[in-house]
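In what follows, a single structure is set out as structure tokens and then discussed.
Start at 1 and go down the list; that is how both ligands and their atoms are numbered. For the single chain, residues carry numbers from 1 onward in sequence order.
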Amino acid sequence: MRIEADVPLAHCNTLRLPARAEWCATVASGDELREALDFARTRRLALCVLGGGSNVVLRERIGGCVLRMQLTGEELLEEAPGHVRVRVAAGVQWHGFVLACHRRGWHGLENLALIPGTVGAAPIQNIGAYGVEVQEFVEAVGAVDRASGEALRLTHADCRFAYRHSIFKSELAERIVITDLTLRLPRARGPRSDYPALRAALGAVADPSPADVLEAVMRIRRERLPDPAVLPNVGSFFKNPVIGRARFERLRAEHPGVVHWAAGDVVKLAAAWLVEQAGGKGMRQGAARVHERQALVLVNEGGATAAQVLGLASRIATAVRERFGIDLEIEPAVY
Ligand code: EPU
């Protein structure tokens with residue numbers, strides 16, 4: 001296994017921030033993972049786990065040891081007439097896995113196509129798009145305890161999934177490293193196509209197949225979201241705020257156009273709308289700016305620093321608070 005000192009990370013994060021790691025270990029097997037954990041433990045180094053680096057803001061210097069997770073491989077655990085159960089390693093690229101499942105007739109993940117990053121990152125923020133969240137398919141998450149090196153298996157209930165949230169962002173954030181995901185995928189499934197933007201993209205297709213949904217999701221994402229390989233970004237920079245009904249009614253009385261979705265007793269607000277209405281679309285700081293087609297996405301035009309990106313995010317949050325009295329919460333992890 002390679003463990004190197006003072007490693008540049010600009011090519012390991014999709015915002016292309018010019019960070020450097022004090023130490024960096026590239027981990028491609030369970031043994032290498034245990035070796036890297038031992039290395040960090042004996043030197044009392046903090047750990048920072050990087051998958052695709054597509055949901056992180058890296059500051060200039062990352063003290064401690066960065067683990068670059070490159071565990072790959074897949075195991076078919078069960079093939080039943082109605083579903084399959086598949087275990088897939090944390091370092092596999094998410095989108096490639098989605099396409100491979102679709103081709104084999106394992107459905108459900110089509111709505112989550114083209115999300116950057118790795119399989120191991122998917123349960124952490126419970127990735128979601130176009131009406132589907134990954135948690136619907138997660139049966140278990142495999143992990144290793146950072147302190148003891150012991151292998152753990154968390155059930156769906158253990159993961160405490162919520163909107164863009166899970167136990168991996170709270171209690172277990174510093175305690176484990178995710179090694180694999182066990183998913184249960186239906187083999188025949190009417191795809192989910194009721195999300196407004198997806199419905200509109202499907203146009204006249206009345207009874208869309210999984211292939212229709214896959215194609216439509218990929219088309220919308222390519223039209224609306226900048227490709228991180230071309231214009232560095234980490235997708236949505238803020239979560240959509242969730243507020244109570246009474247508070248929502250007061251907000252709506254003042255701002256009748258507020259874009260929202262009812263979610264049971266609570267209401268989810270479109271953060272992109274709040275940001276745009278608060279004047280966010282013209283905002284920039286150094287080489288960091290708000291994307292012109294999706295106000296939730298901050299892009300690096302070339303040469304941006306973490307301080308510029310975070311400074312811009314904080315000015316956007318202030319503008320939204322002053323205009324609407326709503327607090328925005330940052331979505332990516334900041335290291
Ligand atoms: N809107 C604006 N201005 C904009 C963009 C959107 O006013 O610049 C309004 C539109 O009215 C639109 C509404 O906001 O109807 C919602 O926009 P969109 O459908 O693009 O979805 P979103 O809520 O902004 C969420 C996820 C995305 C995911 C899309 C599609 C979060 C934080 N973001 O965005 O996830 O792709 O839905 O399902 O939940 C990500 O997490 O990185 C990400 C890209």
Side-chain angles (χ1 to χ4, degrees), residues 13-15 51-57 94-95 98 109-118 121-136 161-166 169 191-202 213-214 216-228 231-243 255-263 266-283 289-299 309 313 316-317 319-320 323-324 326-333:
N13 75 98
T14 64
L15 253 173
S54 57
N55 203 42
V56 291
V57 179
W94 175 259
H95 177 63
V98 169
L109 301 181
E110 286 83 0
N111 299 53
L112 304 178
L114 277 185
I115 295 184
T118 54
I124 299 178
Q125 53 153 337
N126 181 20
I127 57 171
Y130 307 103
V132 169
E133 290 183 347
V134 73
Q135 61 130 333
E136 297 169 41
F161 289 117
Y163 165 62
R164 290 296 192 275
H165 195 73
S166 71
K169 274 187 137 180
R192 198 83 56 76
S193 59
D194 43 354
Y195 190 88
L198 179 55
R199 197 54 267 161
L202 285 162
V213 169
L214 179 71
V217 165
M218 289 176 60
R219 187 154 37 90
I220 313 174
R221 288 191 77 102
R222 288 192 168 124
E223 275 167 21
R224 299 203 185 158
L225 293 166
D227 177 353
L231 192 54
N233 72 85
V234 285
S236 300
F237 209 87
F238 299 101
K239 292 185 188 182
N240 286 326
V242 177
I243 61 174
H255 305 281
V258 58
V259 178
H260 65 282
W261 308 267
V266 291
V267 179
K268 202 188 249 188
L269 307 176
W273 185 88
L274 299 172
V275 172
E276 185 168 353
Q277 297 300 311
K281 268 195 179 164
M283 281 166 74
R289 67 167 168 83
V290 176
H291 190 249
E292 58 282 359
R293 283 195 304 275
Q294 222 314 350
L296 273 195
V297 178
L298 307 190
V299 300
V309 172
I316 293 168
V320 167
R323 176 89 193 268
F324 299 102
I326 299 285
D327 287 321
L328 291 182
E329 196 185 323
I330 285 188
E331 211 227 333

Nearest candidate to atom 43 (C) of ligand 1, where distance is taken over non-hydrogen atoms, out of Ala271, Pro241, Ser236: Ser236
Does Pro191 have any side-chain contact (heavy atoms from CB on, under 4.5 Å) partners at least two apart in sequence or in another chain, and if so, which? Pro210, Val213
Pick whichever of Leu269, Leu274, Asn240 has a heavy atom sitting closest to atom 25 (C) of ligand 1. Asn240
For Ala295, is there any backbone N or O sitting under 3.5 Å from a side-chain donor or acceptor partner on Lys281? no
Could you list the atoms of ligand 1 found under 4.0 angstrom from a heavy atom of Glu276? 2 (C), 3 (N), 4 (C), 7 (O), 8 (O)
Should you measure from each heavy atom of Val259, which atoms of ligand 1 turn up under 4.0 Å away? 11 (O)
Distance under 4.0 Å to a non-hydrogen atom of Gly235: what atoms of ligand 1 satisfy this? 42 (O)
When you measure from the side chain of His291 to the backbone N and O of Arg293, does any donor-acceptor pair fall under 3.5 Å? yes
side-chain contact (heavy atoms from CB on, under 4.5 Å) partners of Ala333, counting only residues at least two apart: Val56, Tyr335
Report the member of Gly257, Pro196, Pro116, Gly128 with the shortest heavy-atom distance to atom 28 (C) of ligand 1. Gly128
Between Tyr163, Tyr130, Trp261, Phe238, which one has a non-hydrogen atom sitting closest to atom 31 (C) of ligand 1? Tyr163
I'd like to check which ligand 1 atoms, numbered from 1 as shown, lie under 4.0 Å from a non-hydrogen atom of Ala295. 4 (C), 8 (O)
Please could you name the atoms of ligand 1 that Leu296 approaches to less than 4.0 Å, counting only its heavy atoms? 24 (O)
Taking 4.0 Å as the limit for heavy-atom contacts, which would you say applies to Glu331 with ligand 1: side chain only, backbone only, both, or neither? side chain
Does Ser166 reach the main-chain N or O of Asn126 with its side chain, forming a donor-acceptor pair under 3.5 Å? no
Kindly indicate, with the supporting measurements, whether the criterion salt bridge (Lys or Arg N to Asp or Glu O under 4.0 Å) is fulfilled by Glu331 and Lys239. CA-CA 6 Å; Glu331 211 227 333; Lys239 292 185 188 182; over 6 Å; no
Give the numbers and elements of all ligand 1 atoms closer than 4.0 Å to a heavy atom of Arg293. 8 (O)
Enumerated ligand 1 atoms positioned under 4.0 Å from heavy atoms of Ala129: 36 (O), 38 (O)
One residue to check: Ala272. Relative to ligand 1, which of side chain, backbone, both or neither has a non-hydrogen atom less than 4.0 Å away? both
Heavy-atom distances under 4.0 Å decide this one: backbone, side chain, both or neither, for Lys281 against ligand 1? side chain
